[in-house]
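Quick notes on the structure that follows.
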There are 2 protein chains.
Amino acid sequence: MLSEKLLNTAIDHFGRFGFEGASTRAIAKASGTAMSSITYHFGGKEGLYLAAADHIAACITALQGERVAAARAAGRASRDAAIQGVLGVLDGFALMMLSAEAAPWARFITREQQYPTEAFDRLYNGAMRTLSEAMIELVSRARPDLPEAEAKATTILLFGQALVLRAGRASVCRVLAVERIDDSIAALLRARLRANALCILSETPQ
Amino acid sequence: MLSEKLLNTAIDHFGRFGFEGASTRAIAKASGTAMSSITYHFGGKEGLYLAAADHIAACITALQGERVAAARAAGRASRDAAIQGVLGVLDGFALMMLSAEAAPWARFITREQQYPTEAFDRLYNGAMRTLSEAMIELVSRARPDLPEAEAKATTILLFGQALVLRAGRASVCRVLAVERIDDSIAALLRARLRANALCILSETPQ
DNA sequence: GTCTATACTACGATAGAC
DNA sequence: GTCTATCGTAGTATAGAC
């Protein structure tokens, strides 16, 4: 599929160089086609950019959607189920942050987080919204003592622990004194994240 | 100071548009000078980029250095002092992530985290290294039950909770349903971060 | 030190062949 | 649907005036 190839190359280039820095010529060449194919398929550079955002949202939903929906439903049973649900969703998110497949998506999204454009709306509504809403519900059930705003803040901070694994990747590698995060280091980080989250969620109000 | 003005404009433009996307013409114009001043002062676009990284590192050190050194020294006294030290350093870091002043630095650094260049070495050695080393020492004292690798992982995850406040800013605003993070929301987030960190650090091994 | 002028390359968009 | 050719614009670098 030519347009699929163009989309994946576009995500990579936009993530690397930003919207202005990326070149449609280079994207087309790396996809093995001519620049005017982009005009034909997507209407231009901006159309390609927005289509790339939609594609990322679809990929994330395909990867996380089922797990999140299941955890959300199961979490309604009990506080303990909610805690397990948070741990499961968070671990799925951490796995995505650790995977090489998701690296280009993360670079694209990270840029949009700084200066959101229409592409961020598509990312948020297409993928992030269900993820965050499920997490907020689960956290609220796990910590019924927290007011809504505090539960939302806790959700954000929990995601932050997973986010750093991608958004701060170079620093993570420096701190751990490794070239790349292999399976054993990933397991260690995930276990720590799980322990931290469990500790935060199971804290009982005094 | 003309070269100072150029540096600050450069940090902003490189952070917004990336190295390739930023234009030396635009940077010069926004600084009220001609493009060839960049050649004169910094040798070219790349020299300006590296100088911008050095400038950011110096600014961060000026902002955090004293507090971090004090916390590190005080933390050697007792486990409790170490815990308080971590909370203090983390709060200082969170404040930086929340401040508008540091936003351009964060955008610049976030880009470097994804594809580190020589500029990342300068950022890490110039500012991040002392910060992370101090935190690892403090966390190790606060949680003497943790092996070194686990203490490092915990440090990373603790920083992640503060990092998300900048690196995931657009999502944070969406989740909290606000346009911008005002003082009261910032206070809430910092308090939650403090509570989470305290809970993680004061956990006693079973 | 800071400017203008210029050389050269690469950009996105578009028209038109096939 | 995919290509080549071309247009106007904007990029960096550099030389030389002041």
Side-chain angles (χ1 to χ4, degrees), chain A residues 1-56 58 104 107-108 111-112 114-120 122, chain B residues 1-56 58 104 107-108 111-112 114-120 122:
Chain A
M1 201 65 111
L2 200 157
S3 63
E4 178 100 6
K5 175 75 177 162
L6 273 171
L7 277 177
N8 285 318
T9 311
I11 290 166
D12 182 45
H13 281 231
F14 284 131
R16 274 177 193 266
F17 309 117
F19 180 78
E20 294 84 0
S23 136
T24 53
R25 273 180 156 81
I27 292 169
K29 190 172 180 182
S31 305
T33 184
M35 200 213 59
S36 47
S37 299
I38 291 172
T39 312
Y40 179 77
H41 284 289
F42 304 102
K45 192 182 190 180
E46 193 170 326
L48 178 61
Y49 189 75
L50 293 175
D54 288 335
H55 188 63
I56 291 171
R107 285 191 289 264
F108 189 103
R111 285 176 185 268
E112 278 295 321
Q114 310 303 311
Y115 281 106
T117 67
E118 190 193 329
F120 185 76
R122 300 191 181 205
Chain B
M1 201 65 114
L2 200 159
S3 63
E4 179 101 6
K5 175 75 179 164
L6 274 170
L7 278 177
N8 284 318
T9 312
I11 290 166
D12 183 45
H13 281 231
F14 285 132
R16 275 176 192 266
F17 309 117
F19 180 78
E20 294 83 359
S23 135
T24 52
R25 267 174 160 71
I27 291 169
K29 190 172 181 182
S31 304
T33 184
M35 197 218 68
S36 44
S37 300
I38 291 172
T39 313
Y40 178 78
H41 283 289
F42 304 102
K45 192 182 191 180
E46 194 170 326
L48 178 61
Y49 189 76
L50 293 174
D54 288 335
H55 189 63
I56 291 171
R107 285 190 290 264
F108 188 104
R111 284 175 187 268
E112 278 296 320
Q114 310 303 310
Y115 281 104
T117 68
E118 190 193 331
F120 185 76
R122 301 192 180 206

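Residue contacts shown for B:Ser37 are limited to sugar-phosphate atoms, with no base heavy atom under 4.0 Å away. Contact annotation for A:Ala26: no contact, since no heavy-atom pair falls under 4.0 Å across all strands. At a threshold of 4.0 angstrom between heavy atoms, the contacts of B:Ala28 with the nucleic acid are absent.
Between A:Phe14 and A:Phe19, the ring planes lie parallel to each other; the angle is under 30°, not in the 30° to 60° tilted range.
Not a single donor-acceptor pair under 3.5 Å links the side chain of B:Glu20 to the backbone N or O of A:Ala22. The closest donor-acceptor contact from the side chain of B:Thr117 to the backbone of B:Ala119 lies under 3.5 Å.
Among C:dG12, C:dT4, D:dT14, the nucleotide with an atom closest to any side-chain atom of A:Met35 is C:dG12. In this structure, of D:dT14, D:dG11, D:dC3, it is D:dG11 that holds the atom nearest to the side chain of B:Ser23.
Summarising the geometry, the separation between CD on A:Glu4 and P on D:dG1 is reported as 17 Å, rounded to the nearest angstrom. With rounding to whole Å, A:Arg25 atom CZ is found 14 Å from C:dT9 atom P. With rounding to whole Å, A:Leu6 atom CG is found 14 Å from D:dG1 atom P. For the pair A:Ile38 CD1 and C:dT14 P, the interatomic distance rounds to 13 Å; values are reported in whole Å. The CZ-C1' distance, from B:Phe14 to D:dG11, rounds to 13 Å in whole Å. Here the P atom of nucleotide C:dA10 and the CD1 atom of A:Ile27 are 17 Å apart, to the nearest Å.
Remark: aromatic rings of A:Phe17 and B:Tyr115 are distant, center separation not under 6.0 Å.
Side-chain contact between B:Glu4 and B:His55 is present, with heavy atoms from C-beta onward closer than 4.5 Å. Taking the side chain as every heavy atom from C-beta outward, B:His41 and B:Leu48 never approach each other to under 4.5 Å. Side chains of A:Thr24 and A:His13 form no contact here, defined as non-hydrogen atoms less than 4.5 Å apart.
Counting distance only, with no hydrogens placed and no angle test, the side-chain atoms of A:Ser36 and the base atoms of D:dT4 include a donor-acceptor pair under 3.5 Å.
Applying a 4.0 Å cut-off to non-hydrogen atoms, the residues of residues 39-48 of chain A that approach DNA chain D are A:Tyr40, A:His41, listed by residue number.
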